[in-house]
Amino acid sequence: MSTRLSQLFVRTLREDPVDAEVASHRLLVRAGYIRRQAPGIFAWLPLGLKVRAKIEAIVRQEMANAGAQEVLFPALLPREPYELTGRWEEYGDGIFRLKDRKDADYLLAPTHEEVFTLLVKDLYSSYKDLPLSIFQIQDKYRDEARPRAGLLRGREFSMKDAYSFDYTDAGLDVSYQKQRDAYERIFTRLGLEYVIVQADAGAMGGSRSEEFLHPTVVGEDTFVRSAGGYAANVEAFTTEAPPARSFEKLTPAEVLPTPDSPTIATLVAEANERHPRPDGRAWTAADTLKNIVLGLTHLDGTRELVVVGLPGDRDVDLKRAEVAFAPADVEPATEADFLAFERIPDRPALVKGYIGPWSETGAFLGEDSATGIRFLTDPRVSEGSGWITGANLAGHHVFGLVAGRDFATDGTVEVAEVLAGDPAPDGSGPVELARGMEIGHVFQLGRKYADALGLKVLDENGKLVTVTMGSYGLGVTRVLAVIAEANNDEKGLIWPRNVSPFDVHVVAAGREEIVWEVAEALVDSLEGAGLDVLFDDRPKVSPGVKFGDAELIGVPVIVIVGRSAAEGTVEVWNRRTGERTSVAVGDVATAVAAIG
RNA sequence: CGGGGCGUAGCUCAGCUUGGUAGAGCGCUCGGUUUGGGACCGAGAGGCCGCAGGUUCGAAUCCUGUCGCCCCGACCA
């Protein structure tokens, strides 16, 4: 096949579009792959569609390898299935809803678990039909609060979503592994670096969940990884508790005056000045126990105050807190929360800046304490660890307060921020923090949807069993953007060969008749060799413009037919390395094939 | 939802402070000259200056309101 640039529906832009910040967005628009229609919604031009189709082809091959069959659901769906699982409400403002002429509710599907489940229920009723894996490549619609970065977070995006159906947990493990393997092959073929991180399975009720993240500074997720191979989303990171220590040699706790020390920084300074450590080492923030009051809003609307205690050198990571307290909503306690607490009879006052689990009159925090406020601590607050913390008395802290001896907790909680250098929970060394973009997610859903929608089959014993499911998402248009993000330079895009819109970009540079004759013949022969050729045949366009467009469009191999055409040679230009070599016309196909 | 910025030609922008009825570059059309790194000359097409009120003899410009967009944050399977 070949396409003449003079005929291709495209217009490249000389300047960067003003609304594009990240490289992939900027370049895909500039090079004429996509055009914005509305925030987070894009039209696809021929170049963009060709790349998209190549990515889809790779995905389809690997889905077939994994034994999944392709189906296609509409993007426009009725309300009922989503009503059955509660997601019509749960999604809130996150979905596009619409009504038909009879005032019936519809939505543009944000994801398709429900209808996949219902279709299987419709067709299958025996264990003999399982396992089953089916998938589609379909557009999803989410009314994002803030679409950003072009294709990286859109309101309309293409996703490959696969679902597996098994009637045993062991079967689900096998199906899950097949998809997981397929993802590894897909991203490897696409040349995309990826890290598989443990994800939070949380509110979805699943048992196993892993995300494929592509490390990139424009990524939206923060994850951690260790040199020893541990990787996890920060939401899923767990902290190893130090071993319990004996209390025996520890000195008793002591209340000391610390006026004007409502913050950790002032407390540490004051402690070092007025109450230096007996061993001569300086107090640090990590020696203090910071007690943060959080306000939880439970699903039934009730409000609960919770205090979390964590080492003073760490802040609460609200994303981790959301996971820890799911499904409740979490926010720092508000003034209204403190006022409401004050109005409860027979409760001691919370002294801001001096809150702690212990007071001279007994336990202050915890379900069985004077306040009755639930008190959870970071795993580092292990039995036998000693702390400086608030004495619930303005201007006073208690020093040497020992967990398990002087105060008790209602349990541990993972809400502290993760810092670079923290030890990985599997002992594989200290972790580093990195940014990543989620490009795939494999997820053992378990029986949540099958339960809600009544998907059961008869097993070998003639008993009805609920099917267990997995869901496996891969953002096709996001992957396209991520590839563009990872493969460009200041001149434009540089596609990997197997997703490039064309195999080779032939540029005719020069006005001599011979240039055009040689170029035409070359295009024919490359086509004959099975290559998909983009031919810049524009007659009155200067070479500089053609070279610039070729670099912008990003086909990895460019062939320049120009001043040496008469001698039967052309230049083969490796877009990625910039290297240009003179090649006899007859050897071009071989030279092109040699460039990955 | 909070913070910041911006709406003038297809694109990137100037003009607004100090009101006088629309500009540049690129792109596009026609003619000619050019042709290995975004050429040049000449002639053109193209804008309800986001929208609605108001002030004024007169508003892109001043005032009020409104809508929209972009960026950062919150949120997000």
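For the numbers below, each heavy atom of this structure counts, side chains included, while hydrogens, waters and symmetry mates do not. Labels below follow one simple rule: chain letters A, B, ... track the order of the sequence lines, proteins then strands, and each chain is numbered from 1. Computed from a predicted model, the values in this text were never measured in an experiment.
Listed nucleotides B:A77, B:G36, B:A39 differ in distance to A:Glu571; the shortest reach to its side chain belongs to B:G36.
In this structure, B:G68 and B:C6 make a Watson-Crick or G-U wobble pair, each of the two defining distances being under 3.5 angstrom. With a cut-off of 3.5 Å on both pairing distances, the Watson-Crick or G-U wobble partner of B:C1 is B:G73. In this entry B:A39 has B:U33 as its Watson-Crick or G-U wobble partner, both defining distances falling under 3.5 Å. A 3.5 Å limit on both hydrogen-bonding distances identifies no Watson-Crick or G-U partner for B:U55. Applying the Watson-Crick and G-U wobble criteria (two distances, each under 3.5 Å), B:U61 pairs with nothing in any strand. Applying the Watson-Crick and G-U wobble criteria (two distances, each under 3.5 Å), B:C11 pairs with B:G25.
If you take atom C1' in B:A59 and the same atom in B:U17, they sit 15 Å apart, rounded to whole Å. Only the P atoms considered, B:U8 is 10 Å distant from B:C13, to the nearest whole Å. The P atoms of B:U12 and B:G27 are separated by 15 Å, rounded to the nearest whole Å. Using atom C1' as the reference point in both B:C72 and B:A14, the two lie 28 Å apart (nearest Å). When the P atom is used for both B:G23 and B:G44, the distance is 14 Å, rounded to whole Å. Using atom P as the reference point in both B:A22 and B:G50, the two lie 15 Å apart (nearest Å). Rounded to whole Å, the separation between the C1' atoms of B:C71 and B:A60 comes to 25 Å. Going from the P atom of B:A43 to that of B:C26 covers 15 Å, rounded to whole Å.
Between the CZ atom of A:Phe9 and the C1' atom of B:G10 there is a distance of 12 Å, rounded to whole Å. Going from atom CZ of A:Phe116 over to atom C1' of B:A77 covers 15 Å, rounded to whole Å. Here the P atom of nucleotide B:G36 and the CD1 atom of A:Ile558 are 17 Å apart, to the nearest Å. As rounded to whole Å, 8 Å separates atom P of B:G36 from atom CZ of A:Arg511. In this structure, A:Lys448 places its NZ atom 11 Å from P of B:A77, rounding to the nearest Å. Rounded to an integer number of Å, the gap from CD of A:Glu513 to P of B:U35 is 16 Å. Protein atom CZ of A:Arg30 is 12 Å distant from nucleotide atom P of B:U12, rounded to whole Å. Nucleotide B:G36 holds its P atom 8 Å from the CZ atom of A:Arg563, rounded to whole Å.
Note that CZ of A:Arg538 is 9.5 Å distant from CG of A:Leu8, once rounded to the nearest 0.5 Å.
With 3.5 Å as the limit, one finds a donor-acceptor pair spanning the side chains of A:Glu184 and A:Tyr194.
The pair A:Asp105-A:Arg97 fails the salt-bridge criterion, with no side-chain N (NZ, NE, NH1 or NH2) lying under 4.0 Å from an Asp/Glu carboxylate O.
Every ring-ring contact (aromatic ring centres under 6.0 Å, His included) that A:Tyr163 has, sequence neighbours left out, goes to A:Phe116. Take A:His214 and apply the ring-ring contact (aromatic ring centres under 6.0 Å, His included) test, not counting sequence neighbours, and it matches no residue. Residues meeting the salt bridge (charged side-chain N to carboxylate O under 4.0 Å, His left out) test with A:Glu70, sequence neighbours left out: A:Arg60.
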- Query: Reading nucleotides 70-76 of chain B from the 5' end, what letters show protein touch, with B for base, S for backbone sugar-phosphate only, - for no heavy atom under 4.0 Å?
  - Reply: SSBBBBB
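Taking the six-membered ring where tryptophan is involved, the planes of A:His25 and A:Phe42 are perpendicular, since the angle between them exceeds 60° and thus also 30°. Classified by interplanar angle (parallel below 30°, tilted 30° to 60°, perpendicular above 60°), the ring pair A:His441/A:Phe443 is parallel.
Judged by distance alone, with hydrogens and angles left aside, the side-chain atoms of A:Tyr183 form a donor-acceptor pair with the main-chain N or O of A:Gly473 at under 3.5 Å.
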Please list, one pair per line, the donor and acceptor atoms closer than 3.5 Å that link side chains of residues 556-565 of chain A to other protein atoms, with sequence neighbours excluded.
| unit_1 | atom_1 | unit_2 | atom_2 | d |
| --- | --- | --- | --- | --- |
| A:Ser564 | OG | A:Thr569 | O | 2.9 |
| A:Ser564 | OG | A:Thr569 | OG1 | 3.0 |

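Within the 4.0 angstrom heavy-atom criterion, base atoms lie near A:Phe157. Backbone-only engagement by A:Gly510 is indicated by non-hydrogen atom pairs under 4.0 Å involving sugar-phosphate atoms exclusively. At the heavy-atom level, A:Asp16 lies under 4.0 Å from the strands shown only through sugar-phosphate atoms. Counting non-hydrogen atoms under 4.0 angstrom, A:Pro110 reaches nothing in the nucleic acid.
Residue A:Ser542 has a polar side-chain atom (N or O) positioned under 4.0 Å from OP1 or OP2 of B:A39.
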Give every pair of a protein N or O atom and an N or O atom of nucleotides 24-30 of chain B that lie under 3.5 Å apart, one pair per line with the distance.
| unit_1 | atom_1 | unit_2 | atom_2 | d |
| --- | --- | --- | --- | --- |
| B:G25 | N2 | A:Glu15 | OE1 | 3.3 |

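Smallest separation of non-hydrogen atoms from A:Arg575 and A:Val555: CB-O, 3.6 Å.
The residue among A:Asp549 and A:Met159 whose nearest nucleotide of RNA chain B lies closer to the 5′ end is A:Asp549.
More than 12 heavy atoms of other shown residues, nucleotides or ligands fall within 6.0 angstrom of atom CD in A:Gln37.
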